[in-house]
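Written below as structure tokens is the structure these notes are about.
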Number of protein chains: 2
Amino acid sequence: MNVTGHTRRPASIRDVATAAGVSYQTVSRVINGHPSVKPTTRDRVLAAIDELGFRRNATALALASGRSRAVTVLTANTTHYGYASILQGIEESARAASYAVGIGVLESADEAAVAAEVQRAADAGGGLIVIAYDPAGVRALGAVPAELPVVGVVETPASPPGGDRPWVWTDDREAAYEATRHLLSLGHETVHYVAIPSSTRRTSARTSGWRQALKEAGAPEPRPVQGSWGPAGGHTAGLQLARNPAVTAILCGNDDLALGVLRALHEAGRSVPGDVSVAGFDDAPHSAFLTPSLTTVRLDFTGLGRAAFALLHGVLEEAAQIAPHPVSVPELVVRESSGPPPAGA
Amino acid sequence: MNVTGHTRRPASIRDVATAAGVSYQTVSRVINGHPSVKPTTRDRVLAAIDELGFRRNATALALASGRSRAVTVLTANTTHYGYASILQGIEESARAASYAVGIGVLESADEAAVAAEVQRAADAGGGLIVIAYDPAGVRALGAVPAELPVVGVVETPASPPGGDRPWVWTDDREAAYEATRHLLSLGHETVHYVAIPSSTRRTSARTSGWRQALKEAGAPEPRPVQGSWGPAGGHTAGLQLARNPAVTAILCGNDDLALGVLRALHEAGRSVPGDVSVAGFDDAPHSAFLTPSLTTVRLDFTGLGRAAFALLHGVLEEAAQIAPHPVSVPELVVRESSGPPPAGA
DNA sequence: GACCCCAATGTGACCGGTCACAATCCTGGC
DNA sequence: GCCAGGATTGTGACCGGTCACATTGGGGTC
């Protein structure tokens with residue numbers, strides 16, 4: 001360890017080289033684990049490295065070699081549970097692989113703004129992971145230049161927005177299908193749906209899973225209510241649905257939405273699950289502790305993030321053991337907010 | 001724009017130079033806005049830049065100049081509301097200043113693990129922002145080498161863990177004080193406290209604000225109940241408090257904790273605010289939509305993040321207009337979960 | 001018309017690594 | 001005892017920028 005105090009510039013490989021009495025190239029070989037270095041020499045170099053507290057300069061490495069061991073995550077949001085968990089999963093495995101993680105937030109879905117963000121991310125070097133659950137993300141994924149290594153975390157793999165690139169996804173369709181079936185199986189005539197904003201013009205995977213379950217059961221298909229991402233949107237949608245006495249079951253695009261719906265029903269004087277059943281999506285940490293606790297579908301966002309990184313890692317290094325389809329299985333969690341419809345209905 | 005298709009290596013300043021018939025240094029001057037370049041020349045260079053689609057290589061810039069326009073945020077968590085919001089605030093202003101944002105998660109508070117993370121962050125170059133609301137963060141802040149530009153987001157500015165470095169903080173003490181006073185003013189004999197884990201051994205700012213309010217009112221000071229960060233911890237603590245019929249008011253270290261407490265009280269058959277009043281901390285997005293909606297203290301985490309970045313920015317560049325004490329003012333938000341104590345009490 | 005000065009531009013070295021290739025050292029085979 | 005050939009090690013150039021300094025070209029001033 002360097003105890004001399006004068007820690008001016010950090011030591012470079014040439015400093016280490018002179019200290020060990022070898023050439024800088026030999027030092028380079030040692031830190032890269034190159035086989036043909038005489039053990040004696042290696043030890044001398046390692047001693048010098050330790051003595052000078054040498055650390056390989058990541059910037060220089062990136063410049064000289066081209067590879068940068070870095071991922072930039074492009075996302076429209078960092079605070080929502082799902083997004084944050086994906087990010088956490090990415091960071092976790094990136095750290096394990098000693099990759100640096102950068103983030104870029106897509107504040108607006110505006111074409112120019114998105115393009116600028118993608119550019120910035122590209123400038124950072126390394127790989128890219130784009131969370132494409134929303135219009136901004138989808139647009140960003142599409143704006144990534146073809147030569148850049150990128151993995152998309154997408155809502156649904158069908159009809160890729162950005163060509164044939166690697167994606168990961170959760171089976172939202174199946175998840176929505178199961179949740180809807182659960183509600184129907186309790187005896188509800190049909191299930192209403194409060195949607196999160198769709199990432200594209202097309203019908204979202206969640207919506208189509210819900211629709212399929214209704215169709216299979218021969219249940220009437222009400223028009224989905226458009227929500228936003230947060231509880232406020234759910235609240236608005238919930239007030240609207242609460243006015244309709246025929247509504248006895250509501251599936252929500254995510255748990256925050258469900259929270260808002262729960263509140264709206266309470267304000268409208270309709271009890272849950274006595275009058276109306278509510279189910280959410282994601283199993284956010286607080287959902288189990290609501291009153292009533294929320295029936296929801298648990299999605300493994302962290303695992304999704306890990307899978308995304310693994311995929312990117314495979315693309316960036318040929319040590320690629322890419323899991324073919326890293327789809328995690330959604331799990332229905334039944335809690336207090338769902339039950340049979342009221343006797344009269 | 002480059003339309004030739006063959007986008008091999010991106011253009012460098014030397015490519016631009018030959019294209020414009022000048023030396024690379026002149027190109028460098030143009031992209032840096034150096035004054036002494038003849039307008040004619042500048043235009044020629046700009047044309048070449050546009051033609052070749054040149055973008056300055058951030059890595060090379062960092063290596064050659066030393067400055068890297070990057071911040072790394074070190075945090076123990078990315079999913080909790082407060083942390084995520086701070087991160088969002090940082091990213092927001094970093095983007096505005098065209099700084100890259102990196103994140104490093106302190107998964108364990110273990111000394112060696114923390115030191116490793118700090119090292120990694122240091123290797124990334126640029127500045128550092130450490131969120132030091134918890135033991136891992138505090139330890140990380142302490143482990144940052146003196147020569148590294150760093151800003152700490154700390155719980156309380158007194159008795160700095162890392163020497164006399166720049167920090168930002170919110171006035172948690174005042175916030176807790178106000179919340180407690182609010183509950184006392186409703187007529188409660190005293191206020192119980194469910195604490196978030198303290199960042200240090202010492203009494204946290206929130207705890208001491210609560211204590212002060214009690215003392216001033218001459219109210220008895222019950223022992224704080226130790227919670228965790230999430231709803232589960234609040235639930236456990238809440239069940240414990242619910243057993244004590246004397247408890248009529250509970251202040252919680254954050255809204256997630258309060259959520260758990262609310263649930264526990266419900267399970268114990270104690271109504272809120274009829275039997276017990278509950279107040280939280282942070283004003284998370286869902287708190288307004290709980291049933292009952294949560295009385296809490298709103299803290300401007302995003303603003304805190306912005307302030308942290310501004311401070312760091314000032315340290316990194318002498319264009320430093322550092323706001324002296326970027327303390328945002330907490331605001332009490334009274335909702336349904338707090339009210340007068342039951343008549344009999 | 002000589003001289004000086006400053007605006008405008010170019011040259012070489014350097015940041016801290018890597019890569020490709022050259023040079024040296026040993027060691028065994030004949 | 002000589003030489004081939006692999007094991008070790010060293011040299012020079014380069015990645016794409018910046019920095020410090022040298023060089024050129026006019027436009028005053030006297």
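In what follows, chains are A, B, ... by sequence order, proteins preceding strands, each numbered from 1. Every heavy atom of this structure was used, including side-chain atoms; hydrogens, water molecules and symmetry mates were not. Note that this is a predicted model, so its numbers are computed, not measured.
As a whole-Å value, the separation of B:Arg29 CZ from D:dT23 C1' is 12 Å. Rounded to an integer number of Å, the gap from A:Ile31 CD1 to C:dC19 P is 11 Å. Remark: P of D:dG16 and CG of B:Asp15 are 8 Å apart, rounded to the nearest angstrom. Between the CD1 atom of A:Ile13 and the P atom of D:dC14 there is a distance of 18 Å, given to the nearest Å. Counting to the nearest Å, the C1' atom of C:dC15 and the CG atom of B:Asp123 are 16 Å from each other. Taking atom NE2 of A:His34 as the reference point, atom C1' of C:dG17 lies 16 Å away to the nearest angstrom. A:Gln25 places its CD atom 11 Å from the C1' atom of D:dG12, with the value rounded to the nearest Å. The distance between atom CZ of A:Phe54 and atom P of C:dG16, rounded to the nearest whole Å, is 10 Å.
A sub-4.0 Å separation between OP1 or OP2 of D:dC19 and a side-chain N or O of B:Arg67 is present. One finds a side-chain N or O of B:Thr26 lying less than 4.0 angstrom from the OP1 or OP2 phosphate oxygen of C:dG10. Between A:Asn57 and C:dC15, a side-chain N or O to OP1/OP2 separation shorter than 4.0 Å is absent. Taking only side-chain nitrogens and oxygens, B:Ser28 never comes nearer than 4.0 Å to OP1 or OP2 of D:dG17. For C:dT18, one of the phosphate oxygens OP1 or OP2 lies less than 4.0 angstrom from a side-chain nitrogen or oxygen of A:Arg56.
The side chain of A:Thr41 has D:dT9 as its nearest neighbour among C:dG17, D:dG10, D:dT9. For A:Ser12, counting side-chain heavy atoms from C-beta on, the closest listed nucleotide (C:dT9, C:dT18, C:dG16) is C:dG16.
Place B:Ala64 and A:Pro39 on DNA chain D by their nearest nucleotides, and A:Pro39 ends up nearer the 5' end. Each of A:Ser36 and A:Ser65 was assigned the nucleotide of DNA chain D with the nearest heavy atom; the assignment lying further toward the 5' end belongs to A:Ser36. Across the interface with DNA chain C, nearest-nucleotide mapping of B:Pro35 and A:Leu63 shows B:Pro35 to be the residue nearer the 5′ end.
No hydrogens or angles considered: nothing links the side chains of B:Tyr24 and B:Asp15 as a donor-acceptor pair under 3.5 Å. Between the side chains of B:Asn77 and B:Thr75, no donor-acceptor pair is found at a separation under 3.5 Å.
For B:Phe301 and B:Tyr83, the ring centers sit 6.0 Å or farther from each other.
Between A:Glu317 and A:Arg69 a salt bridge is recorded (basic side-chain N to carboxylate O distance below 4.0 Å). In summary, A:Glu107 and B:Arg95 engage in a salt bridge, as defined by a charged side-chain N under 4.0 Å from a carboxylate O.
Nucleic acid contact for B:Arg42: none, since no nucleic acid atom lies under 4.0 Å from a heavy atom of the residue.
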